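Remarks on the structure that follows.
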Amino acid sequence: MLITVLNRLRYLIVKEMLVTLRDPKSRVILVLPPLIQIILFSYAITQEVRNASVAVLNRDTGVEGSALLKSFGHEPTFRRLFYLKKESEIDSVLDERKATAVMVIPPDFSGRLADSTSYGAVINLILDGRRPNASPILSGYIQRIVQQSMAESYRERGVNGSASPGVNVVTRHWFNPNLIPRESFLPGLICILCMVVGINLAVLSVAREREIGTFEQILVSPLTPAEILFGKAFNVVFLTSLTAGMLVAVIRLFFGVTLKSSPFLFFISIETFLLSIVGIGLFISSLSTTQQQAILGAILVLPPAIMLSGFATPIENMPGWLQTVTAADPVRWFLVIVKGLFLRGMSAAAVWENLKPLVVISVLCLGAAGYMFRRRME
Amino acid sequence: MTNRWELFGALVKKETFQIVRDPSCILVAFVMPLILLFIFGFGLSLDMKEVRTGIVLEDRGPLAASLYDAFRATDFIEAVPFGSRRDAASAIADAKVRAIVVVPNDFSRRVRLGESADIQLITDGCETNTATVLEGYVTGAVSTWIAHQRDDLQFPRSSKVSVVSRIRFNPEVNTRNAFVPCSVVLIMAIVGILLTALVVAREWERGTMEAMLATPIRKSEMAFGKLVPYYVLGMGSMVICTALSRFFFGVPLRGSLGALFLSSSVFLAVALTQGFFISTVTKNQYLASMAALILSFLPNYFFAGIVFEIDSMPRAVQAVSCVFPARYFADCLLTSFMVGDVWPLFLRNIGAMCVIGLFFFVAAIRVTPKRLE
Amino acid sequence: MIRIDSVTKSWNSETGPALRGVTVDIKPGRITGLVGPDGAGKTTLIRLLAGLLEPTSGSVSVFGFDTVRQTESIKPFLGYMPQKFGLYEDLTVLENLELYAKLRGLPKSDRPARLAELLRFTALTPFTGRLARRLSGGMKQKLGLACALITTPKLLLLDEPGVGVDPLSRRELWRMVAGLMNDGVVVVWSTAYLDEAEMCDDVLLLNAGEQLYFGPPSGLTDPMKGRVVRVLGIPERERRKTLARFLRNEDVRDGVIQGDAVRLVLRPGAAGTASFEPYRTVPVPPSFEDGFIDRLGGIAQRESPLARDFTPIPKSEKPPVTADGLTKRFGAFTAADHVSFTIRQGEILGLLGPNGAGKSTTFKMLCGLLRPTEGAGYISGWNLRRAPSRARSRLGYMAQKFSLYPDLSVRQNLDFYAGVYGLRGRRHRSAVDRVISMFELGPFRTVSAGKLPLGFKQRLSLAAALMHEPDVLFLDEPTSGVDPLTRREFWGHINALVEKGVTVLVTTHFMDEAEYCDRIILINNGRMAAEGTPDSLKARVRSADLPEPTLEDAFIRLVERGRDPR
């Protein structure tokens, strides 16, 4: 009995793979878009601000202002520093996005610095609110350069400025000491691209067979709905794993990002993740009668799944109720695992914590898909 | 002679009837934007709050305890106490906390002696943005704590120069004001491409294209006849998005509706033309929708210039980003919402979008065959 | 008027040219029928005439305009109805007509009158507001014709308008087109139905891109005079065996079962009818189909290899198929109402009935695609509900349209189905090898199934359904849209299988398929309306004004009786 079932499954799985791989379209979809996208987007993942346009209005009559600005000239970030003449120019420069930030040095800047009784000098920085990523980063840069440059100039002049004792916050960034965004985004990008491939293959697998009429043909064979579902799930998980393998190799070769934890843990996690993706895909597929409906279903699911995963912006920033919703998003859980395994060296116990929801999602979706198959026969 | 306008009108009418009767069009144009904007609007945010931060107090003195209380009092940190550095380190590796603050055991002593004392902040570098922002927050929290300490501790005054930042157009620093319009850009890119990606492909599949080719209509008439009704439909989604942004998410709309209408019209026209081009090339609904999905969502997300900085990308990638109109529309839309009417900026971006649109339109007409081969 | 001058059209070197050296002059005021087996190049020729394709060599000119260089000049007087009718499914009847009226530049003032005329002509006036999607096949076909006729074309091209349309609608369409002939229109009508071709003024017979005959249909039919006979008096259970025996005779070029008789086409100069003893033969007038098949070389496969190589199914006490009170309700609607019957081993049972009468619901319940609300179906004694896998492993299924994996090779398709039906190891390999050699699929072993010629697709579907040597074969309209030669071959295989003890259940609209059945069950309004042999059904409707009813007549009368309970 068991041998008969296994034999049927063997031929079913071989068939599923051949169907996917002999179709040039699916072959291309499996390899080309993920490959192009990972390379293109890897280079596009840049959150640091380079070549920023910053405008300066120096109204300082003394030397301190221009001395400060000289130190900006050495920084590659501020290659596009330019000067304004009048205060009235500030508005248009910002409005038209000619500059992301405008730095204003007040007329009494040198004077206040020279006066030891004064409370200190102030530099005004005006940032563009349309750049939610660039503005705070730029502000941080400018702050740092100002402090460094002032400290240096004090030291040169022998004035006791920075060496004074106090409480300092000493920061170290673990796992990615220079905070290179590419390193932290790449593993997540792998999981998103795999999801796109996996969900596409899965939603089409049943819908296509319905359209070409082979679905009825296999339903009248001794195969049970559960076996058909298993065959399809196995096929998509297997093929998408190959895509994942390719992507892992690419980020290693091109960008030197490698796995920090055991490959076995990664293997188990990605298979579970893909199974949950396939579960969702097959469920959509079981609901739709045409390929077009299936694809629309996939399109409706993909962007929210990516947005709610924490890939773009952290989940902590979302309102509480939406954080609850993200629990249903398999990418959310897997993202924690891939980042953990690639960058942090996450422990097996923590991986398992994040795998549990994926198992639940897989079981629920595959169960629902199986139920829908059966219902269709009523 | 045939009246070309009447012929064109007939094509538009046909397409309109098809739209009205095809539920998938309504789904794409009205239901999808609603759902996506709702999710994106709440989901995309860089306003950090309650970041789980581990605190290791090696110093058991009252000074360290008061620092701990200071951390607990802030909104942006959810302080999680740890007994030892090692526990905290494994928690950060397992993504249970995003950062650790370590107050070393000689902290109180050094402060009392007037020596320089260090507080260690270890962040999870995998979350680059969180790490950067957190660094600022923690430093700020420590400064605030210092300011509240009794004078007998004799903290020296920090640097004599202070930088005062103001975020223009968004003084209350609500990143949602920027992210909601940005989501609208993404949604309109998906909707625009998807709407037309399926239409020509459908005509090939159902055999109506064959009948069309045997009638005296011209290729450009056919193209316009398809684009116009979908443009109207797409503007419908734009209205929904704008209304939702303004009244539900409370994003200010400082520019004029006319300017908003103009830039969204041009953007939508470009997106529709791109979809039309995809459809003409693939002639197959399956491939067309696949290509639409791959070309609309992720590239426009990466190349809109909101979350990622186009200026910092390699030149080749910057060149690729020019093909995706989202970056130009994002500029216009954010300005319309947050700033007002800035015509030099509008015209610059609208011009760029026109170039892209024209390119794809000509390309689509070129690849439309006169015959079945 | 229309000159096709040594036209050759090739797609790529692999498949060979779709048309080679066709030279024909088509005259106005005549209907020219385009006939030939599947893949003969009919659609290619029509598209060349419409200027939708360019010939690889040679030229096509329509009323003096070259179809390549002067495409735009031809379009205004061209009426073209593609295979799928070219209708917008989401538009109503009237909207489709108005669209084409505007696209073809029909002056506004003429429009109301012309549309009304066309609607009356096609009898679509009551349905102007209905979406094209909701029209029946026959109505779609008429609407397609009306759209092609909007500006009264000088050249009307119809590409297989009758596919998937019932016989009555086809006849109506013919009458409409014939009515146009007074205006001097040139009509080119591509068709798979030979009774239609017979009515054309001229026919162009194509085979594999080559022009076999051009001229009036009588030119093909006349030489057949005296070569067609009906063999009478064969006992009901002997018909298949007898036909198979006749077909082995070199003198016979074609043969089909017609009720209690067998109709044969003989070789020219055949040695008389003595070899058909002890049965009586009567000469009958030839039909166009006889001429067609004769010109194409007669029946290709005289003996199904299945008759030799298929392992006989052992005699069994259990009935192969039992329907026990099968009932299916969808909400308040009862699609099938207590349908019960048993099929004997080695019997062909036909399920007939109008669309939506419950025929396919019953069929689906019996092959396990649909779960009955009440009652049960049994295959070789296994309950389809309690032991679905067991029961299904005893049946072979062939769907209406080709439904194997088009991207898999012949061999891969067969490997899959053999495996799924539980064959493994050496049995698996030998079963696959055996059907490949039986159905002569060897040369196509590595070809993708979707690229096979239609006849071979049909063979492959049957092969896939037979590898596990099922007790029962389910056929769902197996030969719809298939040319006569392929259809003959297919039924040759089925007849051979039945002789080996296989039981067959077939659903069909095609009366010549129904003639092959031993017993017919007519389903109407979800119930069994009539049951009997084809001849007994005919006998039921025999009357003074219908002394010689065909099976089609019987079908129509019996269905009507059910509708009108008197």
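None of the values given here were measured: they were computed from a predicted structure. Numbers restart at 1 for each chain; the letters A, B, ... are given by sequence-line order, proteins then strands.
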> Is the closest side-chain heavy-atom distance between F302(B) and L189(A) below 4.5 Å?
Replying inline: yes

> Between F185(A) and F308(B), does the ring centroid distance fall short of 6.0 Å?
Replying inline: yes

> Looking only at atom types and distance, does a side-chain atom of T313(A) sit under 3.5 Å from a main-chain N or O of G43(B), one as donor and one as acceptor?
Replying inline: yes

> How long is the gap from CD1 on I294(B) to CD1 on I36(A), to the nearest 0.5 Å?
Replying inline: 9.0 Å

> Does a side-chain heavy-atom distance below 4.5 Å link T128(B) with N176(A)?
Replying inline: yes

> Would you say the side-chain atoms of R348(B) pair up with the backbone N or O of E96(A), donor to acceptor, closer than 3.5 Å?
Replying inline: yes

>> Please report the interatomic distance CG(L298(B)) to CD(Q37(A)), rounded to the nearest 0.5 Å.
In response: 5.5 Å

> Of the backbone (N, CA, C, O) and the side chain (C-beta and beyond), which part of L40(A) lies under 4.5 Å from a heavy atom of chain B, both, or neither?
Replying inline: both

> Which atoms of L36(B) come close to chain A, meaning under 4.5 Å heavy atom to heavy atom: side chain ones, backbone ones, both, or neither?
Replying inline: side chain

> Is it the backbone or the side chain of V101(B) that comes under 4.5 Å from a heavy atom of chain A, or both, or neither?
Replying inline: neither

> Nearest heavy-atom pair of A93(B) and G345(A): which atoms, and what distance?
Replying inline: CB-O, 4.2 Å

> Measuring heavy-atom distances to chain A, does P181(B) have an atom under 4.5 Å in its side chain, in its backbone, in both, or in neither?
Replying inline: neither

> Less than 4.5 Å apart, any side-chain heavy atom of E353(A) and any of D94(B)?
Replying inline: no

